[in-house]
Visitor: 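Let me begin by handing over the structure; questions about it come next.
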There are 4 protein chains.
Amino acid sequence: MGFSRARTNEQKQKRIEEVMCATARLYDTVPYEEITFAAIAKEAGFARSNLYIYFTSKEEILLEILVSDLSSWYQNVEASFHVRRSYALEEVMEVWTDALIKNERNLSLLSILFTVLEKNVTVEALTKFKEGLLTVQQKCYQLLQGLFPTASDDALQQFLVSAFALAQGLYPMTRLSEVQLEAIENCTLGYVPPTFRDSYLKACIQLAQGLFVK
Amino acid sequence: MGFSRARTNEQKQKRIEEVMCATARLYDTVPYEEITFAAIAKEAGFARSNLYIYFTSKEEILLEILVSDLSSWYQNVEASFHVRRSYALEEVMEVWTDALIKNERNLSLLSILFTVLEKNVTVEALTKFKEGLLTVQQKCYQLLQGLFPTASDDALQQFLVSAFALAQGLYPMTRLSEVQLEAIENCTLGYVPPTFRDSYLKACIQLAQGLFVK
Amino acid sequence: MGFSRARTNEQKQKRIEEVMCATARLYDTVPYEEITFAAIAKEAGFARSNLYIYFTSKEEILLEILVSDLSSWYQNVEASFHVRRSYALEEVMEVWTDALIKNERNLSLLSILFTVLEKNVTVEALTKFKEGLLTVQQKCYQLLQGLFPTASDDALQQFLVSAFALAQGLYPMTRLSEVQLEAIENCTLGYVPPTFRDSYLKACIQLAQGLFVK
Amino acid sequence: MGFSRARTNEQKQKRIEEVMCATARLYDTVPYEEITFAAIAKEAGFARSNLYIYFTSKEEILLEILVSDLSSWYQNVEASFHVRRSYALEEVMEVWTDALIKNERNLSLLSILFTVLEKNVTVEALTKFKEGLLTVQQKCYQLLQGLFPTASDDALQQFLVSAFALAQGLYPMTRLSEVQLEAIENCTLGYVPPTFRDSYLKACIQLAQGLFVK
DNA sequence: GATGAATGAGTTTTCATTCAT
DNA sequence: CATGAATGAAAACTCATTCAT
C-alpha cells in the first residue's frame with residue numbers, strides 16, 4: 001500500500017517531482033538551514049536513503065526547482081506580449097515586474113542563488129542548472145530585442161544583468177522576518193522597508209532608459 | 001574600583017576586537033559554512049566557551065564586522081568630496097563605486113546580509129546592527145543631498161535603496177568560485193560573467209538619472 | 001529439459017566466474033573495505049540484488065578466488081618437478097618460493113585468510129572452501145613426500161604448517177602502503193622492511209632442515 | 001556524579017587508559033567489526049563524541065593497546081633471563097614462546113597488525129606506533145645478541161623477522177571460531193589444527209639454528 | 001573571567017538486503 | 001532469472017552548548 005515502486009522512466013520522473021514538491025513545500029515554511037535530507041524525506045514520505053538515488057544535495061534539488069520556477073515565469077512574461085503591437089517601456093516593465101511577484105519562491109531562490117545555492121553543489125549539477133538558466137536568459141534577451149528593436153546588444157545585456165541583480169538584491173530587503181521587523185521598530189532612527197513592486201518597477205524603468213541611448 | 005572597571009572594559013573591548021579580527025580573517029579564507037565557533041576560537045587563540053561571553057552566534061560577529069566595514073566605506077566616500085565644488089553625476093558615481101570595490105569583504109557581507117546574516121541572529125543583536133546600518137545610510141542620504149540639492153527626498157531614497165540592492169545582487173554574480181567558472185565553461189551556451197565595476201557604474205549612473213526628474 | 005537445465009547451469013557458472021573476476025579485479029585495485037556488493041555489482045556490470053543468488057558475502061567470493069589461486073600455484077610447483085630426478089633442498093625451496101611470488105594475490109589473500117575471510121562467512125561456504133584448501137594441502141604433502149622420502153610424516157606436517165604460516169605472516173610485512181612507508185621514514189629508529197623472497201627462502205630452508213632430523 | 005572531568009594531565013592519561021581498557025575488553029569479547037566508536041563509548045561509559053578528543057579511530061586505540069602488550073611481553077621475556085648464565089637454545093625459545101602465549105591478545109593483535117590495523121590509520125598515529133614497535137624490536141635484538149653472542153647481525157635480524165612473521169601467521173591458524181571448527185568437522189578430508197605452543201616452539205628452534213651458521 | 005572536557009543532538013552517507021515487477 | 005527502487009540500520013563525524021574547576 002501507499003508506495004509503488006518507480007519502475008518506468010515516467011514513474012522515476014514522478015518521484016523526482018515528488019521530491020521537488022516536498023522540498024518546495026519545506027522551503028515555503030521553514031528556514032533554509034532546517035531543510036535537510038532528513039526533513040525532505042519525511043515530507044516526501046520516503047526513506048532518507050532513497051533520496052540519494054535521485055539527488056545528492058538539497059542545493060541540487062533547489063536549483064532544479066529554481067529552473068522550473070524561472071521557466072514558468074518566463075512563459076508568463078512572454079504570454080503577456082503575444083499580441084502584435086508595440087508597448088510602452090512602462091508597460092513592459094510592469095508586466096516583467098508583476099510576473100516576478102507572482103512567484104515569490106522564484107525571487108527568494110534567486111536571492112540566494114549565487115551566494116548559497118551555487119556554492120554548495122557539484123560541477124555536474126551546476127552545469128545542468130546553468131544550461132537551463134542561460135536558456136531562459138537568452139529567451140529573455142530575444143524577447144526584449146523584439147520589444148525594443150532599436151536597443152543595442154550591449155545595452156540589452158547590461159539591462160538584463162542589472163534587472164536580475166536588482167531583483168536578487170532588492171527582494172530580501174522587502175520580505176522581512178518577525179525578528180527583522182522587530183529590530184527595525186526598536187531602532188531610534190526611523191526606517192520604512194521598501195516595497196518590492198514599487199521600488200523594483202521604478203528602478204527598472206530607470207535602467208531601461210539606458211536601452212535608448214546611442 | 002572605577003579604574004578597575006575601566007580596565008576590564010578595555011580588556012573586554014580588546015577581546016571583542018580579537019574575535020572580530022579572527023572571524024574576518026576566516027571569512028576571507030574559508031567558505032561560509034566552515035566558519036564555526038570552534039574555528040573562530042582556534043583562529044583567535046582562546047577557548048571556544050569563552051566566545052559565548054561576547055557573542056552568541058557567528059552571524060552576530062559578522063554583523064559587527066559589516067558595520068565597521070560600512071563605516072570605513074562611508075568615510076572613504078565622504079573624504080573624496082570634502083572640496084567645496086560641484087561634481088558631475090558620473091564623477092560621483094565613480095567615487096561611490098570605487099569606494100565599494102576597495103573593500104571586497106564589505107560587498108561580500110552585504111550580499112548575504114538580508115538572506116543569511118539577519119536571519120540567524122537575536123533581536124537584540126540585530127537591533128544594535130540596524131542602528132549602525134541606519135546611521136551610515138542616513139549619512140549617505142545627507143551626503144547625496146548635498147551633492148544633488150535639486151533631487152527630491154523620495155528620489156534620493158529610491159536611489160539609495162536601488163544602489164544598495166544592486167550592489168548586493170550584482171557582486172556575487174561577478175565573484176565566481178572555481179566550480180562556478182567550470183560549470184559556465186561546460187555550458188553549450190556562451191556566457192561572459194559581468195565585471196562588477198563596469199556593470200555597477202553604468203547601472204548606477206542610469207539609476208541616478210532618476211534624481212533629476214521632476 | 002535436461003538440456004535446458006544444463007544450459008542454465010553453464011550460464012550460472014559463467015555468471016559466477018564473472019563475479020569472481022570482477023571481485024579479483026577490485027581486490028587488485030582498491031583497499032579491502034571498499035570491496036562491497038555494490039562495487040562488485042558495478043564492476044561485474046549487473047544488478048546488486050542479483051549477486052545474492054550466487055553468493056552471500058564478499059568473503060565467500062574471495063575464498064572462491066583463493067581456492068582457485070592456490071590450485072594454480074600448486075600446479076605451478078608440481079609442474080616444476082615433473083622430471084624424474086632428485087632435488088637439493090635449496091632447489092625445492094626456491095621453486096616453492098618463486099611459485100608463491102608469481103601470484104601476489106594468492107599471498108595477499110592467504111594473509112587475511114584466517115583473520116578476516118574465515119571469520120565472516122557461513123559454515124556452508126567455509127566447509128566448501130576448506131575442502132578445496134585441504135585438497136591442495138594434501139597434494140603438497142604428497143609432493144614433498146616424494147621429494148624428501150626420508151622425512152617423517154610429523155616433520156612434513158610441521159614443515160607445511162610452518163611454511164604456510166610464515167608466508168601468511170611475512171607477506172604483509174613486505175608489501176607496505178604509502179602510509180606505512182611514510183611512517184617508517186618518520187621514525188627516529190631506522191628500519192629496513194624485509195624482502196619477501198629473500199627472507200622467506202632463507203627461513204624455509206632453515207625450516208626444511210627439520211625434515212632430516214631423526 | 002560518576003564522572004569527574006579530566007582536568008590535569010594525569011586525569012587525561014587516565015581517560016585514555018579507560019578508553020583503552022574498554023576497547024581491550026571489547027576486543028576480547030566481540031568480533032572485530034563490532035568494535036565501533038559507539039560500542040567503545042558505551043563500554044567506557046562516556047559520550048561517543050567525547051572519544052574524538054582522545055582518538056580518531058579504533059585502529060589508533062588498538063595500536064596503542066598493542067604497544068603496551070608488546071612492552072609487557074618483552075619485559076616478561078627479559079625478566080626470565082636476568083640470571084647471569086648461558087642458556088641452551090631450546091630453553092631460550094621456550095621462554096620466548098611461553099611469554100607470547102601468556103598474552104593472547106598480543107598475538108591476536110599482531111596477527112592483524114600489518115593487514116588491518118596499519119592499513120586504516122593516519123600517518124601520525126602510525127609513526128607513533130612504529131616508534132614504540134621498533135623500540136621493542138631493538139631491545140629484542142640486543143637481548144638475543146647477549147644470549148647468542150656468536151650469531152651474526154644478519155642472522156639475528158633474519159631470525160627476528162621470521163619469528164615474528166611466524167607468530168603472526170600461525171596464531172590465527174590455532175585459535176578457531178565455532179564456525180571454523182564446524183567447517184573442519186564437515187570436511188571429508190581430516191584436518192587437525194596445529195597447537196600454537198608446539199608448532200611455534202619447534203619452528204622457532206629450527207629457525208634459531210640459523211644463528212649458528214657461519 | 002577563562003578554560004577545556006563532556007555532552008547530546010543532529011546530519012550525511014553508505015550498506016546489506018528485500019521485494020515488486 | 002534479473003532488475004533496481006526502496007528500506008532500515010548504523011557508522012562517522014561535527015557542532016553548539018554546558019559546567020566543573
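In what follows, every chain begins at residue 1, and chains take the letters A, B, ... in the order their sequences are listed.
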Visitor: Among the candidates F/dA11, F/dA12, F/dA6, find the nucleotide nearest to the side-chain atoms of A/I53.
Guide: F/dA6
Visitor: Could you check how far CD of D/Q11 sits from C1' of E/dG4, rounded to whole Å?
Guide: 12 Å
Visitor: If each of B/A38 and D/K58 is mapped to the nucleotide of DNA chain F with the nearest heavy atom, which maps nearer the 5' terminus, i.e. the 5' end?
Guide: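 That would be D/K58.
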Visitor: Supply the atom-to-atom distance D/E118 CD to C/S177 OG, rounded to the nearest 0.5 angstrom.
Guide: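 The OG atom of C/S177 is 7.5 Å from CD of D/E118, to the nearest 0.5 Å.
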Visitor: Verify side chain to side chain donor-acceptor pair (under 3.5 Å) between A/Q180 and B/K130, making sure each step is shown before the conclusion.
Guide: CA-CA 9 Å; A/Q180 287 174 304; B/K130 283 282 177 189; over 6 Å; no
Visitor: Would you indicate what D/S49 reaches in the nucleic acid, counting non-hydrogen atoms under 4.0 angstrom: base, sugar-phosphate, or nothing?
Guide: base
Visitor: Mark yes or no: B/K42 above the aromatic ring of B/F37, with NZ or CZ under 6.0 Å from the six-membered ring centre and no more than 45 degrees from the axis.
Guide: no
Visitor: Taking the minimum atom-to-atom distance to the side chain of C/K12, which one of E/dA5, E/dT11, F/dC1 wins?
Guide: F/dC1
Visitor: Using the six-membered ring of B/Y27, assess whether NZ or CZ of B/K58 lies under 6.0 Å from its centre and within 45 degrees of the ring axis.
Guide: no
Visitor: In terms of the nearest nucleotide of DNA chain E, which residue is placed more toward the 5' end: D/L51 or B/A47?
Guide: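 Result: B/A47.
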Visitor: Touch check for B/F46, heavy atoms < 4.0 angstrom, all strands: base, sugar-phosphate only, or nothing?
Guide: sugar-phosphate
Visitor: Tell me whether D/R15 is salt-bridged to D/E18, with the criterion being a basic N under 4.0 Å from an acidic carboxylate O.
Guide: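 Salt bridge flag = yes for D/E18 with D/R15.
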Visitor: Could you check how far NZ of A/K14 sits from P of F/dA6, rounded to whole Å?
Guide: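 Atom NZ in A/K14 sits about 11 Å away from atom P in F/dA6.
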Visitor: Nearest whole Å is fine: how far is E/dT12 P from A/N120 CG?
Guide: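 So the CG-P distance, A/N120 to E/dT12, works out to 11 Å.
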Visitor: Quick check: on DNA chain E, is the nucleotide nearest B/Y54 upstream (toward 5') of the one nearest A/F37, or the reverse? Name the residue that is more 5'.
Guide: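 Here B/Y54 is the residue nearer the 5' end.
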Visitor: Distance check needed: E/dT13 C1' versus C/E33 CD, whole Å only.
Guide: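 Rounded to whole Å, this separation is 16 Å.
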Visitor: Below the 4.0 Å mark, does F/dA6 have OP1 or OP2 next to a side-chain nitrogen or oxygen of A/R15?
Guide: yes
Visitor: Distance check: side-chain N/O of A/N50 vs OP1/OP2 of F/dT7, anything under 4.0 Å?
Guide: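 Yes, such a contact exists.
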Visitor: With a non-hydrogen cut-off below 4.0 angstrom, is A/S57 in contact with a base, only sugar-phosphate, or nothing?
Guide: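 The answer is nothing, as A/S57 stays clear of every strand by at least 4.0 Å.
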Visitor: Return the value, rounded to whole Å, for the distance between atom CD of C/E34 and atom P of E/dT14.
Guide: 11 Å
Visitor: Between C1' on F/dT3 and NZ on C/K42, what's the gap in Å once rounded to a whole number?
Guide: 18 Å
Visitor: Under a 3.5 Å cut-off for both distances, is E/dT13 Watson-Crick or wobble paired, and to whom?
Guide: F/dA10
Visitor: Once you round it to whole Å, what is the distance between P of F/dC15 and OH of B/Y32?
Guide: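 That distance rounds to 14 Å.
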Visitor: Got a donor-acceptor contact below 3.5 angstrom from the A/T29 side chain to the A/R25 backbone?
Guide: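 Confirmed, A/T29 side chain pairs with A/R25 backbone.
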Visitor: Just the rounded figure in Å: distance from C1' of F/dA5 to CD of A/E18.
Guide: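 Nearest whole value for this atom pair: 13 Å.
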Visitor: Less than 4.0 angstrom between a side-chain N/O of A/Y52 and OP1 or OP2 of F/dA5, yes or no?
Guide: no
Visitor: Let's test this: given Watson-Crick or G-U wobble pairing with both distances under 3.5 Å, identify the partner of F/dA20.
Guide: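 With both distances under 3.5 Å, F/dA20 matches E/dT3.
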Visitor: C/R48 side chain: which of F/dA11, F/dC13, E/dT17 is closest?
Guide: E/dT17
